Amino acid sequence: MENLEFELMKSLSKRFPTIASASTEIINLQAILSLPKGTEHFLTDVHGEDEQFLHVLKNGSGTVRAKIHEEFGNALSDKDKKSLATLIYYPREKMELILQREEDPDDWYKITLHRLVAITKRVASKYTRSKVRKALPADFAYVIEELITEKEEVSDKEAYYNEIIHTIIRLERAQEFIVALCELIQRLVIDHLHIIGDIYDRGAGPHLIMDAISQHHSVDVQWGNHDIVWMGAAAGSGACICNVIRISARYGNLNTLEEGYGINLLPLAKFAMETYKEVRCNTFSILYGADYDTKDLTLDMKMHKAAMVLQQKLEGQIIRRHPEFGMEESLLLDKIDWKDKTVRVGKKSYPLRDCDFPTVNPEDPYALSPEEEKVMERLTQAFRRSDKLQRHVRFLFTNGSLYKRYNSNLLYHGCVPMDEEGNFTALAIDGTEYRGKALYDILEFYARKGYFAPRGSEVKKKGEDLLWYIWGGPNSPVFGKSRMTTFERYFIEDSKTHAETKNAYYRLLNDERIVDRILAEFGLQGEPHAHIVNGHVPVELRRGESPVKCGGKLLIIDGGFSKAYHDKTGIAGYTLIANSHGMRLVAHELFESTESAIRSETDILSDSKFIETYKKRRLVADTDNGEELKIQIRQLEALLQAYRDGVLIERM
């Protein structure tokens with residue numbers, strides 16, 4: 001036995017000091033390998049739509065309803081099934097409504113508890129007792145375990161279980177027990193959650209979504225470009241901060257920053273009111289929803305314009321610092337003809353909708369005015385000092401990445417940048433060209449440095465600039481377009497200048513050679529059930545587009561969670577479910593509201609279809625976790641042999 005292996009055995013022997021303890025663990029792990037793999041839930045591009053996101057999370061994209069149907073079949077009416085499903089999603093709220101009209105609450109408690117126990121037993125059946133036990137709520141752990149565990153030694157099981165439920169009701173603990181069971185069912189129907197980017201922007205509730213994700217028992221996040229810009233803002237990047245404020249202002253969501261994250265925007269508001277007091281801001285309209293307070297409209301338009309001008313200046317400074325980014329065509333403030341009120345884009349000049357920029361010095365257009373310097377200093381402090389924002393962003397760094405391999409699936413938000421021939425395109429960083437997987441890795445490295453490196457260090461400054469580049473750079477894998485035409489969309493009427501050409505990746509998705517090349521690049525070559533799952537570009541179902549590409553090897557599951565996309569896509573989002581039987585794509589219809597879901601039991605109507613059905617049910621042994629368990633088993637078997645050979649001595 002080599003020294004390294006011997007040291008490993010010695011370390012392992014501290015946890016398993018005897019042949020008996022090591023053998024028991026091997027038996028346990030071997031048994032786990034034979035269980036069905038857990039259900040994975042994939043969501044992407046939720047864009048701050050907290051009500052719809054939380055509903056889909058609670059119903060597991062229809063998984064809860066499926067379990068109710070499996071358990072009760074025709075024994076329950078459709079009406080009772082809908083009511084039970086709604087109770088599981090929103091136990092406190094639904095129970096309050098039911099009990100207002102229920103003549104015999106105890107009878108309802110009894111029936112409901114029996115039904116919930118039956119569903120709990122079904123959803124817990126694919127897990128070990130140990131895993132279920134860890135998921136049990138502390139207050140009711142013992143009672144729930146008694147109810148969902150078969151008692152062979154009890155002769156009259158029905159009387160035994162009835163007595164437990166009767167006692168729960170008699171002690172007036174039924175309501176809390178129902179809540180506990182419903183929340184346990186929600187947890188057990190989904191073993192692992194994947195969020196494939198773009199939690200932030202457009203919708204008003206990204207902070208509420210982050211709260212829910214942060215509390216989830218098992219989750220990973222692949223960063224989207226709209227997440228990256230918030231991460232850059234939290235890191236202190238001025239350009240990212242201005243983008244976040246501009247987008248929040250545009251969609252009438254400045255309250256998300258002020259109330260959701262406690263970020264003080266008063267310095268910007270005061271600056272905007274003074275500087276843009278007599279300045280036309282018509283171009284900076286607000287796309288507000290029903291909850292928006294229109295008394296803020298004039299101020300928000302001024303703040304919108306102030307943020308946009310600051311953004312253009314700070315982005316220009318980054319582009320000038322990094323000629324290797326190849327973004328000179330985005331430098332437009334210095335291309336303005338102030339006399340003619342035109343701007344030169346490429347070789348052509350265009351009239352400007354708005355040329356009233358009181359803080360722009362034509363001699364040095366990318367320099368901040370002294371007042372702008374002070375505003376940016378205050379805003380940067382506010383973003384850095386927001387405890388909630390910093391907590392959420394640290395969660396994204398801890399539980400997230402630019403891409404992830406998981407159970408033979410490759411997950412990333414946008415694309416793998418390539419040319420029209422399908423060759424991976426390169427970005428030069430520090431004189432070295434990076435492409436494909438290496439490009440993802442180096443960008444993630446600098447993204448982390450931009451947040452975690454010591455403040456003021458060169459590597460942090462570079463990391464902050466690269467966080468901004470990942471948000472909207474031409475070779476960014478999460479942006480996936482030739483350029484971001486923000487300036488043109490605000491200031492130039494001609495829509496030809498607004499075009500943002502998608503990366504060739506999106507035109508090559510049905511070429512199996514290209515998809516196989518990507519899978520091979522990320523180490524999934526030859527995997528029998530390998531897929532690429534990504535989002536970023538909404539699938540326009542109304543135009544006949546399909547989320548299933550390349551015969552099912554690649555799935556784009558951005559179906560338009562954001563209300564801003566509903567008219568364009570025709571649906572309200574795709575999600576994906578992968579369980580032991582196969583992969584199922586779910587297309588969601590529009591979600592009315594949480595209140596309607598509770599009162600009228602209007603679940604999201606969803607159309608689902610299997611993308612792949614496994615010939616043989618997949619077990620834990622077939623997963624990444626299974627591979628880790630197999631390694632543990634081999635190590636324990638080596639420990640067992642070491643005890644038997646006398647190389648190590650048991651400690652009784």
Side-chain angles (χ1 to χ4, degrees), residues 51 54-55 57-60 62-125 132-133 135-151 154 156-189 212 215 592-604:
E51 283 200 4
L54 293 172
H55 187 82
L57 200 63
K58 290 172 184 292
N59 79 2
T63 305
V64 170
R65 283 188 298 165
K67 294 297 180 184
I68 291 172
H69 183 72
E70 288 172 15
E71 179 63 30
F72 296 109
N74 295 324
L76 283 184
S77 67
D78 288 342
K79 182 178 182 297
D80 284 343
K81 289 177 187 176
K82 283 176 66 176
S83 182
L84 183 59
T86 306
L87 178 70
I88 291 171
Y89 309 153
Y90 305 102
R92 294 188 189 280
E93 298 88 341
K94 186 61 180 175
M95 194 162 24
E96 182 180 350
L97 288 176
I98 290 171
L99 292 175
Q100 286 174 4
R101 62 175 185 266
E102 192 63 47
E103 295 180 2
D104 188 349
D106 285 359
D107 188 53
W108 181 83
Y109 288 142
K110 180 181 176 182
I111 293 168
T112 301
L113 284 168
H114 275 290
R115 289 173 178 174
L116 290 173
V117 168
I119 295 294
T120 305
K121 288 174 72 173
R122 178 170 285 273
V123 298
S125 63
V132 173
R133 191 176 290 131
L136 296 176
D139 288 351
F140 297 107
Y142 172 77
V143 179
I144 293 175
E145 191 168 4
E146 285 294 296
L147 286 169
I148 66 174
T149 304
E150 287 293 332
K151 297 288 181 185
V154 178
D156 191 345
K157 296 176 187 175
E158 186 175 356
Y160 176 73
Y161 295 132
N162 282 340
E163 188 56 37
I164 293 175
I165 288 174
H166 173 74
T167 305
I168 292 168
I169 296 168
R170 183 172 60 81
L171 295 177
E172 298 183 354
R173 295 289 284 160
Q175 290 191 28
E176 290 305 315
F177 195 67
I178 286 170
V179 171
L181 285 175
C182 291
E183 291 177 349
L184 179 61
I185 291 166
Q186 287 183 35
R187 173 167 178 167
L188 293 177
V189 291
Q215 294 164 15
E592 188 175 341
S593 68
T594 300
E595 183 179 0
S596 177
I598 296 166
R599 288 189 174 276
S600 307
E601 299 176 353
T602 54
D603 203 348
I604 293 181

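Both backbone and side-chain heavy atoms feed into the values below; hydrogens, waters and symmetry mates do not. From a predicted model like this one, the values you see are computed outputs, not experimental measurements.
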At their closest point, which heavy atom of [X] faces which heavy atom of [Y], and how far apart are they?
X    : Y    : result
E145 : R133 : OE2-NH2, 2.7 Å
A174 : L113 : CB-CD1, 4.5 Å
G73  : K81  : O-NZ, 2.5 Å
P105 : L99  : CB-CD2, 4.1 Å
T594 : E51  : N-OE1, 3.1 Å

Nearest-0.5 Å distance that lies between atom [atom1] in [X] and atom [atom2] in [Y]:
X    : Y    : atom1 : atom2 : value
D106 : E172 : CG    : CD    : 9.0 Å
R170 : I168 : CZ    : CD1   : 11.0 Å
L97  : T86  : CG    : OG1   : 10.5 Å
L171 : H166 : CG    : NE2   : 9.0 Å
N59  : Y90  : CG    : OH    : 8.0 Å
E93  : E595 : CD    : CD    : 11.0 Å

Parallel, tilted or perpendicular: which fits the ring planes of F177 and F140, with parallel below 30° and perpendicular above 60°?
perpendicular
Derivation and outcome, side-chain contact (heavy atoms from CB on, under 4.5 Å), residues I111 and R115:
CA-CA 6 Å; I111 293 168; R115 289 173 178 174; 3.5 Å; yes
Are [X] and [Y] close enough that some pair of their side-chain heavy atoms sits under 4.5 Å apart?
X    : Y    : answer
Q186 : I88  : yes
P137 : I144 : yes
E176 : R92  : yes
I98  : T112 : no
E146 : I164 : yes
L87  : L116 : yes
K121 : V117 : yes

Could you tell me whether the side chains of Q175 and Y109 share a donor-acceptor contact shorter than 3.5 Å?
yes
With a 4.0 Å cut-off on N to O distance, would you call E70 and R65 a salt bridge?
no
For the pair M95 and W108, evaluate side-chain contact (heavy atoms from CB on, under 4.5 Å) and give the outcome as yes or no after the intermediate values.
CA-CA 10 Å; M95 194 162 24; W108 181 83; 3.8 Å; yes
For K94 and I598, indicate whether the former's side chain and the latter's backbone hold a donor-acceptor pair under 3.5 Å.
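Such a contact is found between K94 side chain and I598 backbone.
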Would one find more than 12 heavy atoms of other residues, nucleotides or ligands at under 6.0 Å from atom CG of D104?
yes
Heavy atoms of other groups near E96 CD, more than 12 under 6.0 Å:
no
Single hit among D78, L76, L84 for side-chain contact (heavy atoms from CB on, under 4.5 Å) with D80:
L76
